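Structure first, commentary second.
What you are looking at is a predicted structure, and each value in this text was computed from that prediction instead of being measured.
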Amino acid sequence: MESIATSTVQSTTVDFLPLLGTDYVEFYVGNAKQAAHFYKTAFGFQSLAYAGPETGVKDRASYAVRQNKLTFVFTTALRTDNPIADHVYKHGDGVKVLALKVKDATDAWKQTTERGGKSYMKPQRLTDEFGEVVISGIHTYGDTVHLFIERENYSGAFLPGYRKWESHYNPTDTGLLYVDHCVGNVGWNQMNPWVKFYEDVMGFKNILSFDDNDISTEYSALMSKVMSNGNGFVKFPINEPAEGKKKSQVEEYLDFYNGEGCQHVALATNDIVKTVTDLQNRGVEFLKVPTTYYDDLLDRVGHIDEDLNPLRELGILVDRDDEGYLLQIFTKPVEDRPTLFFEIIQRKGAKSFGKGNFKALFEAIEREQSDRGNL
Ligand code: FE2
């Protein structure tokens, strides 16, 4: 059984930033039309809403897609002289916005900026015939931002400025349900300052910590701390590289993303075997661990409900903590740069992040890193 440094989240103080969950994740990309098509085809998202010149937005095109409680937005610049174009030039395709649903976006902005958060967007009221949305935002690591979305009085498809996107092409969903957590990669010695940011500015708690003894292979290492908001709906692990014999995977990310940014978004499912079978059939590529991983798996994690064979065939990993177990698998990066990837996760009681899989997983990542000549 693994030993994890856990600090209990105390709810004795009032949560000054109550969050209702993740509202959406927005990606700045080189070609939003094609990105939206990829996420519909490969991941099973449905067309939701569109904004662009036809809806009065002149500098960009945005496509919102949805699957259950997951909403992704793909945005591209229409001209060169534009901060979205600058973002894509610097980082490649990546996550720009981690948007959080709140009851009061004005208060969220006030509370966080008073505590030292750097404003990205003052509270603004957007209206159309479907009602009103209030949006505000602050900066976080790198060029990434958090937007606070207040949408109780809105009944439109997505946001004012967007129109409903009806498509004749509607691939079936793959059982992806909601964002489980989003991981940020930050620079050398920057993990603790960002932990402090989430504590001080957003009222999060550090619920788990991993040092380089937990997360190291023969070659490289990283450190990680998991930050959670008061109700546990929003979890942001923060990674930084650690010294090893060779280049850490976090360093490779920082090199190719040109700075700090979102490393992976974990998507929850209630049936990981079905979801991953479906994703693989649609062309999504996953990291593979050696099949020897499965030889002593049940000795390590004890009884699990699933048959071992499909897990072995698909490459799904299993880990157990004091509260239950979890099943997880990681895609390869979804761009040509070795930057953003996705995790598919099914929790069966476990609230942790798969520490028992770190070594096998990071060795798999390093084989890929070595193939790219970056280890
Ligand atoms: Fe993860």
Side-chain angles (χ1 to χ4, degrees), residues 22-101 105 120-137 139 143-151 153-171 173 176 179 261-262 265 334-337 339-340:
T22 302
D23 195 277
Y24 65 89
V25 180
E26 183 169 9
F27 305 76
Y28 279 0
V29 299
N31 188 330
K33 180 179 279 200
Q34 290 190 4
H37 187 74
F38 171 77
Y39 282 88
K40 285 173 66 176
T41 303
F43 285 85
F45 284 82
Q46 313 296 320
S47 300
L48 178 68
Y50 167 80
E54 299 87 342
T55 70
V57 180
K58 297 300 183 196
D59 67 335
R60 67 185 70 188
S62 296
Y63 296 77
V65 297
R66 181 166 287 168
Q67 180 166 186
N68 297 304
K69 286 185 179 169
L70 274 171
T71 307
F72 283 180
V73 182
F74 303 97
T75 293
T76 199
L78 296 177
R79 293 179 186 279
T80 312
D81 180 15
N82 180 304
I84 300 162
D86 295 344
H87 197 278
V88 173
Y89 177 75
K90 183 175 177 191
H91 301 296
D93 289 5
V95 172
K96 174 66 183 180
V97 179
L98 295 167
L100 305 168
K101 194 171 290 173
Y120 171 72
M121 186 190 290
K122 285 185 179 168
Q124 46 175 282
R125 194 171 300 273
L126 308 174
T127 59
D128 66 10
E129 73 248 55
F130 300 106
E132 67 166 41
V133 175
V134 184
I135 300 187
S136 64
H139 290 268
D143 289 326
T144 318
V145 300
H146 291 309
L147 291 186
F148 302 116
I149 313 288
E150 173 190 336
R151 56 165 74 252
N153 300 314
Y154 192 67
S155 62
F158 181 50
L159 291 173
Y162 284 76
R163 72 181 182 202
K164 198 170 192 297
W165 174 19
E166 308 260 20
S167 174
H168 70 277
Y169 177 63
N170 303 297
D173 82 50
L176 297 172
V179 172
C262 177
V265 180
V334 288
E335 322 73 16
D336 292 300
R337 298 192 195 198
T339 52
L340 175 74

query: Taking atom types as modelled, is there a side-chain donor on His91 or Asp143 under 3.5 Å from an acceptor on the other?
result: yes

Name every donor-acceptor pair, under 3.5 Å, that has one atom in a side chain of residues 27-37 and the other anywhere in the protein, sequence neighbours excluded.
from: Asn31; atom 1: OD1; to: Lys33; atom 2: N; distance (Å): 3.4
from: Asn31; atom 1: OD1; to: Gln34; atom 2: N; distance (Å): 3.1

query: When the ring planes of Phe72 and Tyr39 are compared, do they come out parallel, tilted or perpendicular, using 30° and 60° as the limits?
result: perpendicular

Any donor-acceptor N/O pair, Asn82 side chain to Asp59 backbone, under 3.5 Å: yes

Short side-chain to backbone donor-acceptor contact, Thr55 and Gly161, under 3.5 Å: yes

task: Verify, without hydrogens or angle tests, whether Asn68 (side chain) and Leu176 (backbone) share a donor-acceptor contact under 3.5 angstrom.
output: yes

field: Whether Ser47 side chain and Glu166 backbone form a donor-acceptor pair below 3.5 Å
entry: no

- prompt: Is it true that a side-chain atom of Arg151 and a backbone atom of Phe158 form a donor plus acceptor pair closer than 3.5 Å?
  reply: yes

- request: Would you sort out whether Leu100 and Ile149 count as a side-chain contact (heavy atoms from CB on, under 4.5 Å), showing the intermediate values?
  value: CA-CA 6 Å; Leu100 305 168; Ile149 313 288; over 6 Å; no

message: Testing the 3.5 Å rule here: is there a donor-acceptor pair between the side chains of Tyr169 and Thr41?
response: yes

- prompt: When the ring planes of Phe43 and Phe45 are compared, do they come out parallel, tilted or perpendicular, using 30° and 60° as the limits?
  reply: tilted

statement: side chain to side chain donor-acceptor pair (under 3.5 Å) filter on Arg337, not counting sequence neighbours, yields none

Worked verdict on Tyr154 versus Asp128 for side-chain hydrogen bond (donor to acceptor under 3.5 Å, both in side chains): CA-CA 9 Å; Tyr154 192 67; Asp128 66 10; 2.8 Å; yes

